[in-house]
Every structure is written in structure tokens, then in C-alpha cells.
Amino acid sequence: MNERREELAGRLARLREELAEVAGRAGRKPGDVTLVAVSKYHPASDVRDLSLAGQVDFGENYVQEALAKQEALADLKLRWHFIGGLQSNKAKYVAGKFGLVHSVDSSKLAQALHKKATSLGLVQDILLQVNIAGEAQKSGITEEELPRLAEEAMAADGLRLVGLMTMPPFFDEPERARPVFARLRELRDGLEGRLGVRLPHLSMGMTGDFVPAVEEGATLVRIGTRIFGSRPPKG
Ligand SMILES: *Cc1c(COP(=O)(O)O)cnc(C)c1O
């Protein structure tokens, strides 16, 4: 049997066990946390191998790379997540092609996704990306901008706002990311009250910090390196 396939299947199985264990310790059910395997820079063959091992949700950061993989894997039943920075002029390639867009961070992008989704006669599920730590180089809206963009997204009938996403700064110590995750949950809870809707999803937690993220309520964890190994240089 294919060596790479076995390696990927083994890592996936161990990660799933750990996720279930962390969820259990936090009083949550394993089914409450969806593992999004972040396949950016990794070949479509890796995604196929993981699909054979039962993985359904995959995350991609780059439009062209993602669409090429979708085409190569069109025979599989996969759920694609767009998690990368997205320019509004590329929204037309994304709407309808990804089950969930995690990284909506401007009114312009929200409107572009809404417009394309409407023209396709569908509703695009989205999350709003919030830059909690306020790092200048990270994308995401500020906490102050969140209520307005959330209201705008709610009013757009081509969009369905289902929650929030964040990406904390890189910390050597995962515990340091915990306050960021806790804050995202608070912001979500506040919006639910304010807007009178349910926002079920919190997309937070990567290879280095998924444990505190799950403990703080993540419903989607975006994990690449732990499954695929380190990323090859982009080529
Ligand atoms: C690359 C990436 C991930 C996965 O990171 P790992 O550390 O490899 O698990 C998660 N989220 C986003 C937004 C990413 O760009």
C-alpha cells in the first residue's frame, strides 16, 4: 500500500483521537468540532488519500490552487473551505465553489460575494474574520468594525452569516492564544444578542494552538502541518 497514504491516514487518525479527547475534557462532544484539513501547497493526491481515510472538509488559501484541486478531485464528495485573504475582484471565483468562506474582512468583499451568489441563485455561507490582537500585518476587521459588517452581511440575501473566525499572532506557548479565542466567543455571544440570530460557528485553532481553541469553543479547527507535515515552498 502507498506509503504517503498510510502516513497521512495515521496522522489523521491520531489527530482525530486527540481532538475527541480535548473536546471530551472540555465537556463537548467530538461531533461539535469539525476538522478542516488545510491542504494549501500540498498536492491533490494528498487530499485524495485523506478523503479515502474519511476526511471530508478541506481548507485552501489561494483561489487558483484551490480551483485546480477541486477540478482534479471532482469525483470525490468534499466540502471546501476558503480560509485565505481574498481580494474582492476574485470573489466571483469563490462564491458557490466553497461551502464556507472563513475570511470575509470587508464590506467590499461581502458585497462582491453577495452579488455573485445572487447571480448564481444561491446563498453563500460566510464567517467574518476578526483581528482580535490588532496586529497591523494580519487581516481581519477590528472589534469596533464587527457589528456594522455583521449587520450588512445579515441584510445581504446572497449571504448567510454563520459565525466568526480569527487567527491569533504566533505564540511559542499555545496558552497565550487562549484569551484571543475566549474573546472571539464573547464577541459572537454579543452579536447573537444584539442581532437576535444564532451564529453557531467559531473558526479558530491551528496546528500549534488547537487545544485552547477547542477548550474555548471552536467548532471549526483549521489544521495543516500536523496532518500533512511542513509545507513545500510555493511553486
Ligand atoms: C495555513 C493556515 C492554517 C493552517 O496552519 P497550520 O499551522 O499548518 O496548521 C490555518 N488557518 C489559516 C488561515 C492558514 O492560512
Side-chain angles (χ1 to χ4, degrees), residues 7-8 10-19 22 33-44 46-47 49-50 55-67 69 78-87 90-91 94 98-106 109 113 125-141 162-178 180-181 183-184 201-235:
E7 175 180 56
L8 289 168
R11 289 198 194 127
L12 179 68
R14 284 190 297 277
L15 175 57
R16 287 197 169 286
E17 263 174 44
E18 192 177 339
L19 281 169
V22 176
V33 185
T34 296
L35 169 61
V36 178
V38 177
S39 47
K40 63 173 177 234
Y41 299 179
H42 295 288
D46 278 2
V47 174
D49 286 345
L50 286 164
Q55 179 64 25
V56 173
D57 290 87
F58 291 90
E60 286 281 338
N61 290 56
Y62 303 98
V63 176
Q64 272 187 310
E65 181 188 342
L67 295 181
K69 273 178 218 171
L78 304 177
R79 197 155 47 229
W80 292 97
H81 299 248
F82 194 86
I83 65 171
L86 181 59
Q87 289 172 322
K90 293 207 177 146
V94 167
F98 294 81
L100 181 62
V101 180
H102 293 226
S103 46
V104 176
D105 62 354
S106 73
L109 175 56
L113 287 167
D125 282 358
I126 63 162
L127 305 176
L128 298 181
Q129 182 174 355
V130 188
N131 180 356
I132 302 232
E135 283 179 297
Q137 77 277 20
K138 283 256 169 69
S139 44
I141 52 168
V162 296
L164 304 178
M165 181 271 226
T166 197
M167 198 165 154
F170 177 80
F171 295 119
D172 289 329
E173 177 48 60
E175 274 305 311
R176 291 186 59 200
R178 183 183 297 278
V180 173
F181 300 141
R183 183 64 187 151
L184 194 73
H201 287 295
L202 292 173
S203 168
M204 55 192 198
M206 309 176 17
T207 292
D209 57 17
F210 69 84
V211 172
V214 168
E215 288 169 352
E216 295 300 330
T219 63
L220 296 154
V221 289
R222 311 176 311 268
I223 298 180
T225 309
R226 169 74 186 261
I227 301 170
F228 293 91
S230 60
R231 281 181 278 278
K234 201 185 181 205

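Ligands are counted one by one from 1 in listed order, and the atoms in each one are counted from 1 as well.
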State whether Glu18 and Arg226 are salt-bridged, where the test is any N-O pair (Lys NZ or Arg NE/NH1/NH2 against Asp/Glu carboxylate O) under 4.0 Å. yes

Check ion pair Arg14-Glu17 (N to O, under 4.0 angstrom): no

I need the nearest protein heavy-atom contact for [atom]: residue, atom name and distance, please.
atom	result
atom 13 (C) of ligand 1	Met167 SD, 3.4 Å
atom 12 (C) of ligand 1	Ile83 CD1, 3.6 Å
atom 5 (O) of ligand 1	Met206 CE, 3.4 Å
atom 11 (N) of ligand 1	Arg222 NE, 2.9 Å
atom 2 (C) of ligand 1	Lys40 NZ, 2.5 Å

Can you confirm whether the side chains of Glu60 and Ser39 place a donor and an acceptor under 3.5 Å from each other? yes

Parallel, tilted or perpendicular for Phe98 and Phe82, by the 30°/60° rule? perpendicular

Would you say Arg231 contacts ligand 1, with heavy atoms under 4.0 Å as the rule? yes

Please list, in number order, the atoms of ligand 1 under 4.0 Å from a heavy atom of Thr225. 6 (P), 7 (O), 8 (O), 9 (O)

What atoms of ligand 1 come within less than 4.0 Å of a heavy atom belonging to Ile223? 9 (O)

Taking the six-membered ring for Trp, are the ring centroids of Tyr41 and Tyr62 within less than 6.0 Å of each other? yes

Starting from the C-alpha separation in whole Å, work towards a yes-or-no answer on side-chain contact (heavy atoms from CB on, under 4.5 Å) for Gln55 and Arg16. CA-CA 10 Å; Gln55 179 64 25; Arg16 287 197 169 286; 2.5 Å; yes

Please check whether Gly224 reaches ligand 1 - meaning an N/O of the residue sits under 3.5 Å from an N/O of the ligand, judged on distance alone. yes

Min N/O separation Arg226 to ligand 1 under 3.5 Å: no

Ignoring hydrogens and geometry, is there a side-chain-to-backbone donor-acceptor pair from Thr225 to Ser230 under 3.5 Å? no

Location of contacts on His102 toward ligand 1, heavy atoms closer than 4.0 Å: neither

For the residue pair Ser139 and Gln129, what are the closest heavy atoms and their distance? O-NE2, 3.4 Å

Taking atom 6 (P) of ligand 1 as the point of reference, which of Leu220, Asn61, Thr207 owns the nearest heavy atom? Thr207

